[in-house]
Amino acid sequence: WRREFVEARGNVTLEECLLDRACVETNELGRWCSVQVELLCGLGKECARPVGKDALERAKDNVREKILFAGVVERMEESIGFMEKLLPTYLEGAGEIEELPK
């Protein structure tokens, strides 16, 4: 379904997709964005399902103030390499693990 969507509409950015209702529905962004907000929000009462604007604001505050780095699964080796440099005391040698997901 994703390939058909890209062929029909082109490969759009997340921001462009969020402005297009059909794109949001096709890619199930409402569901996935809710899950991410819920995970980044924390355990406060505003973070309970269904998540709303207060949860989104708390999640954004947490990202700005409490999260040092978020890696990208599709770029796992680079993410781990960056984390090694960022926190060498804790992650020295992490990039040498042989069975990293590709």
ask   = When you look at CZ of R21, are more than 12 heavy atoms from neighbouring residues, nucleotides or ligands closer to it than 6.0 Å?
value =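 Atom CZ in R21 is not packed in, count stays at 12 or less.
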task = Take atom CD of E92 as the centre, draw a 6.0 Å sphere, and report whether it contains more than 12 heavy atoms from other residues, nucleotides or ligands.
result =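 No, the 6.0 Å shell around CD holds no more than 12 heavy atoms from other groups.
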If two hydrophobic side chains count as joined below 4.5 Å and joins carry through other members, does [X] share a cluster with [Y]?
X	Y	value
L40	V35	no
M76	F69	yes
L86	Y90	yes
L87	I67	no

request  = Would you indicate whether the side-chain heavy atoms of R64 and D61 approach each other to under 4.5 Å?
outcome  =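 Yes, at least one pair of side-chain atoms sits under 4.5 Å.
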Between CD on residue E96 and CD1 on residue I80, distance to nearest 0.5 Å =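 If we round to the nearest 0.5 Å, E96:CD and I80:CD1 are 11.5 Å apart.
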key: Rounded distance [0.5 Å steps], CG in L19 versus CD in E16   =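 L19 CG to E16 CD: 8.0 Å, rounded to 0.5 Å.
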If you look at every heavy atom in [X] and [Y], which pair is closest and at what distance?
X	Y	value
C47	G42	CB-O, 3.4 Å
E84	L91	CG-O, 3.1 Å
S79	G71	OG-CA, 3.5 Å

query = Is the closest basic N to carboxylate O distance between K53 and E57 below 4.0 Å?
reply =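 Result for this pair is no, no salt bridge flagged.
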task = Mark yes or no for whether E38, through its side chain, and V51, through its backbone, hold a donor-acceptor pair below 3.5 Å.
result =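 No; zero donor-acceptor contacts below 3.5 Å.
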